[in-house]
Amino acid sequence: MSETCIYIARSSGIAARALAGEMMVMNSVDSTFFTLNPVATAIFQAADGRTPLRDIVRDRVCEQFDVDPEQAQADAEQFVAELSGHGILLVSNQPLASGAPL
Amino acid sequence: MAAPRTVACVEIGGIPIALSTSDEGFLDLLRQRYDGFLSSSPPEFELEFDLTSTGPASDDDVRVRREGDEWLIKRGDFRARWDSRTGRGSVRQNANPYSLDSVLRILHSLILAQRGGFLLHAASVICDGRAYLFSGVSGAGKTTMTRLAPEDITLLTDEISYLRPNAEGYSAFGTPFAGELAQAGENCAAPVSALFFLEQGPENRVDEMSSAEAVRRLMRNILFFAEDHGLVEKLLATACDFAARVPIRRLTFYPDARVWEEVRNFARNFAANLQEVPERV
């Protein structure tokens with residue numbers, strides 16, 4: 001698990017819609033399309049640029065889903081890395097400007 | 001002195017676009033290719049074509065980006081500019097008909113996205129006055145479904161379906177954009193009764209899909225090229241609206257004519273169930 005504090009924010013270049021508990025996300029630049037499962041949706045919705053990822057996992061994931069905290073943190077970091085690679089999330093060691101509104 | 005231009009107005013999906021060229025050969029090609037979609041309606045939009053040397057259509061990725069009111073569209077075999085405010089644009093391409101098709105499809109995808117419609121990688125037909133759409137990956141059976149269709153159906157397209165919102169849901173329009181069938185659709189329209197995502201299997205069956213799965217598969221089959229945040233947001237909203245207003249099902253089918261009984265049964269049962277819903281007091 002990473003010891004560094006990670007902040008995440010939704011990119012302004014995306015369109016997103018929640019439908020039946022899943023988040024549909026489309027990147028405006030390359031039209032790539034993603035659907036997020038409920039856990040990933042909880043992280044995505046909480047990506048305000050100010051709340052550390054570990055707090056999001058603790059308050060939004062572990063509170064709402066029956067998951068092992070360490071496993072949840074590791075999965076969250078992998079998910080964040082993947083979405084940042086596609087330009088969906090911005091990631092920084094410092095707080096970011098607010099994520100794009102939903 | 002510049003050679004005089006001749007105009008042919010091509011109306012697809014109820015949107016007349018004037019295409020002008022000074023090349024008689026290209027004009028003939030255009031008239032033959034879009035025969036059945038030529039129109040005398042006043043054009044809503046205009047495109048001027050200038051030809052480069054003849055060459056094949058390109059497999060390069062297309063880029064569609066916006067600069068102010070102007071859209072810049074670029075692929076290996078054509079470059080186009082189109083001003084969405086004035087509705088006028090210009091195209092520089094070779095005389096390849098596939099390049100011409102691509103330019104028109106992209107332009108229509110931009111116009112439709114602004115109007116709450118879209119182009120879908122799907123076959124569509126009119127059966128008993130209602131339109132049915134059959135979508136899926138290449139090889140899933142779009143053209144096969146149209147080949148197996150009974151004689152009384154009207155072909156709208158075996159490749160690119162044209163969808164616009166109406167008061168009750170969505171309408172499907174015929175297009176000249178043909179796939180393996182190599183046959184243009186009829187220039188007519190009907191309200192959409194259902195969209196089926198095709199899978200081939202040992203028997204015919206229709207299965208429900210979750211709304212999220214329906215939107216996911218819909219988005220993967222919509223033709224859209226623009227790098228534009230506003231239009232992408234609009235398109236995603238349209239896909240969600242379509243999924244809410246049009247029944248979307250998975251159709252597993254064995255490729256023989258009996259699959260059409262399954263489609264007709266679904267339509268009859270769905271219509272009957274709608275009529276049985278009691279009115280709210």
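Letters A, B, ... mirror the listed sequences (proteins, then strands); counts begin at 1. Note that the coordinates shown come from a computational prediction; the quantities given were computed from them, not determined experimentally.
No more than 12 heavy-atom neighbours from other residues, nucleotides or ligands sit within 6.0 angstrom of CZ on B:Arg205. No more than 12 heavy-atom neighbours from other residues, nucleotides or ligands sit within 6.0 angstrom of CG on B:Asp61. A 6.0 Å sphere centred on CZ of B:Arg88 holds no more than 12 heavy atoms belonging to other residues, nucleotides or ligands. Shown here is B:Arg79, whose CZ atom has no more than 12 heavy atoms of other residues, nucleotides or ligands within 6.0 Å. Within 6.0 Å of CD on A:Glu82 lie no more than 12 heavy atoms contributed by other residues, nucleotides or ligands. Heavy-atom contacts from other residues, nucleotides or ligands closer than 6.0 Å to CZ of B:Arg245 number more than 12. Within a 6.0 Å radius of CD in B:Glu44, more than 12 heavy atoms belonging to other residues, nucleotides or ligands are found.
Of all residues spanning residues 229-240 of chain B, those with a heavy atom less than 4.5 Å away from chain A's heavy atoms are B:His229, B:Val232, B:Glu233, B:Leu235, B:Leu236, B:Ala237, B:Cys240, arranged by number. Within residues 192-199 of chain B, no residue approaches chain A closer than 4.5 Å by heavy atoms. Listed by sequence position, B:Ser211, B:Ala212, B:Val215, B:Arg216, B:Met219, B:Arg220, B:Phe224, B:Ala226, B:Glu227, B:Asp228 are the residues of residues 210-228 of chain B in contact with chain A, using a 4.5 angstrom heavy-atom cutoff.
Proximity to chain B is limited to the backbone of A:Ala16, based on heavy atoms less than 4.5 angstrom apart.
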Just list the side-chain donor-acceptor pairs under 3.5 Å for residues 138-145 of chain B, sequence neighbours left out, or say none.
residue, atom, partner, partner atom, Å
B:Lys142, NZ, B:Gly136, O, 3.0
B:Lys142, NZ, B:Val137, O, 3.4
B:Thr143, OG1, B:Asp158, OD2, 3.1

